[in-house]
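Worksheet: the structure to be examined is printed underneath.
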Amino acid sequence: MEEKHPSFDIKSTLDDKLDGKKIILCITGSVAAVKSSDLARLLMRHGADVFPVMSNAACKIIHPDLMHWATGRYPITELTGKVEHVELAGNTKTKADLVIIAPCTANTLGKIAAGIDDTSVTTFATTAIGEKIPLIIVPAMHEPMYKHPFVKQNIDKLATIGIAVMQPRIEEGKAKIPENNEIYNKVQEVLSPAYEKKLLEGKRMIVTAGRTVEYIDPVRVITNNSSGKMGVALAEKAAEAGADVTLIAGKISVTPSKKIKVIYSNTTQEMYNTVYKELESRPYDIFAAAAAVGDWQAEEKSTEKISTHDKDSLVIRLKPTPKIIDGIKAKYPSVYLLIFRALDNMPESDLLDNAKWRMEKAEADMVAVNDVSKKGVGFESDTNEMFIITQSGYREKISMDLKENVAKKIIDILAKEINKKQK
């Protein structure tokens, strides 16, 4: 009678964005397993069919009956003659669209990275990886465990083969599981067409990120508050969509994954030189200028640290830094140029006009613009809000969201626009 379970009544009650998607939800022995039933039902409310898989350790945290109630399906707690891992994650017509391990302990993470499958969860993971079914791992553990260098190494190792490992929330000395809405957003992202179909497959892309610094003496600099989170997120999402990405980074507060080539620059002139050297080195299809490049530099840089003990004031004459984006199209007309524009406290109509003006001045194909005076937008925040304008006339507002989700939406638009140009 499982097919008529009352819990199926909640399917698609929020929307049908996951309608037709078969998701395996694997649960390991972390106390965060208490959130798994709510996650399962959230996915179902968006239309997904959820199949729970539990390790023996997970069964000591929550009873399998809870997941049966939540999903309408008996949890798989051991493998039987039905070879459940082959049926749901093997090369069969009944295989799932996605596997999520939430929560994932450090123990399970290490086993998956080493190809060990000695629990129902790790066997499903091994099978899914071999069958190239998308896999999302959501770690939850004590903070020192998460900081263990080999745990970090395992996360990087999994990322190199395209497995999405979500960042935990570091609170109260714990690496806590992200909120269920964040996990749902990741599910949407991984199952989106740009990532399923690898719409940037075969494309080479440069992304600039972070802030540059301009020295006034050997110690002091002129700079801005950019963290580089937006640019790094864009590079990560482009790589997930199949692009061969080179990240040219100034000062950044986040660590890019090992699957992305990173070249570090310091000053605007260094970034300028690095960009054009890289563009000369091999053909590139896309250039995304997400770095917060400094606009001004000292006319004369002091060769010694300027003392404050014998001065009442200091006057520094500034001159403009070189404009990286303004020479791209002249030298490399076939490169699709995406520029970013950060403006401050500007009415929306003026913001859009300014962005369009800058796009035309740089002969760019697309501009992403935001107002960094707004709370939660732009510099140093984990969230962003952007307007996208293209030369083809497309315009879209990306509402406030995590930067990784904003980046994913930008990549979706970028892929569509490039596809239009090629037709």
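No hydrogens, no waters, no symmetry mates; every other heavy atom, side chains included, goes into these values.
- In this structure, a donor-acceptor pair under 3.5 Å is absent between the side chains of N185 and E189.
- Screening R169, K174, K176 against E172 for a side chain to side chain donor-acceptor pair (under 3.5 Å) leaves a single residue, K176.
- The structure places CD1 of I137 at 5.0 Å from CD1 of I163, a figure rounded to the nearest 0.5 Å.
- At least one side-chain heavy atom of I112 sits less than 4.5 Å from a side-chain heavy atom of I129.
- Side-chain contact between F51 and I76: absent, with no pair of heavy atoms (C-beta onward) separated by less than 4.5 Å.
- Looking at every heavy atom in both residues, P218 comes nearest to K305 through CD-N, 3.7 Å.
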Inset, instruction - Evaluate side-chain contact (heavy atoms from CB on, under 4.5 Å) for I252 paired with Y264, printing each intermediate quantity in order. - result: CA-CA 10 Å; I252 55 177; Y264 288 97; 4.0 Å; yes

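- Judged by distance alone, the side chains of E131 and T127 never bring a donor and an acceptor atom under 3.5 Å apart.
- Here the closest heavy-atom approach between residue I27 and residue A33 is recorded as CG2-CB, 3.6 Å.
- Judged by distance alone, with hydrogens and angles left aside, the side-chain atoms of N224 form a donor-acceptor pair with the main-chain N or O of A292 at under 3.5 Å.
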Inset, instruction - Could you walk me through whether R41 and S7 pass the side chain to side chain donor-acceptor pair (under 3.5 Å) test, one step at a time? - result: CA-CA 9 Å; R41 291 175 73 79; S7 283; 3.2 Å; yes

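- A donor-acceptor pair under 3.5 Å links the side-chain atoms of R220 to the main chain of I306, judged by distance alone.
- Side-chain contact between T274 and T208 is absent, with no heavy-atom pair separated by less than 4.5 Å.
- Atom CZ in R341 sits 12.5 Å away from atom CG in D371 (nearest 0.5 Å).
- Residues V245 and A239 come closest through the heavy atom pair CG2-N, 3.7 Å.
- Shown here for V151 and Y146, the closest heavy-atom pair between the two residues is CG1-O, 3.9 Å.
- A salt bridge links K323 to D295: one of the charged nitrogens lies within less than 4.0 Å of a carboxylate oxygen.
- Within the 4.5 Å cutoff, no side-chain heavy atoms of D365 are placed close to those of L338.
- Panel note: side chain K186, backbone N405; no donor-acceptor pair is recorded below 3.5 Å.
- For the atom pair NZ (K82) and CD (E87), the distance works out to 6.0 Å, reported to the nearest 0.5 Å.
- Formation of a donor-acceptor pair under 3.5 Å by the H63 side chain with backbone atoms of D65 is found in this model.
- Between the side chain of N154 and the main chain of F150, a donor-acceptor pair closer than 3.5 Å is present.
- For the pair T108 (side chain) and T105 (backbone), a donor-acceptor distance under 3.5 Å is absent.
- A salt bridge is absent between D244 and K261; no separation between the charged side-chain nitrogens and carboxylate oxygens falls under 4.0 Å.
- A40 and L25 get closest at one heavy-atom pair: CB-CD2, 3.8 Å.
- Distance alone, capped at 3.5 Å, places no donor-acceptor pair between the K21 side chain and the D97 backbone.
- Among D118, T122, T28, the single residue meeting the side chain to side chain donor-acceptor pair (under 3.5 Å) criterion with K111 is D118.
- For D16 (side chain) and G47 (main-chain N/O), no donor-acceptor pair under 3.5 Å exists by modelled atom type.
- Note: I286 CD1 to R204 CZ = 12.0 Å, rounded to the nearest 0.5 Å.
- Separation of atoms NZ (K17) and CG (L191) is listed at 13.0 Å; rounding is to 0.5 Å.
- Note: L343 CG to F387 CZ = 11.5 Å, rounded to the nearest 0.5 Å.
- Residues H5 and R73 are not in side-chain contact: their nearest non-hydrogen atoms beyond the backbone lie 4.5 Å or more apart.
- A donor-acceptor pair under 3.5 Å links the side-chain atoms of Q297 to the main chain of P320, judged by distance alone.
- In this structure a side-chain-to-backbone donor-acceptor pair under 3.5 Å is missing from K157 to G110.
- In this structure, I410 and L234 have side chains that are in contact, with non-hydrogen atoms separated by less than 4.5 Å.
- Between Y184 and H46, the ring planes are parallel. Angles under 30° get that label, and only those over 60° would be called perpendicular.
- No side-chain heavy atom of I133 sits less than 4.5 Å from a side-chain heavy atom of I24.
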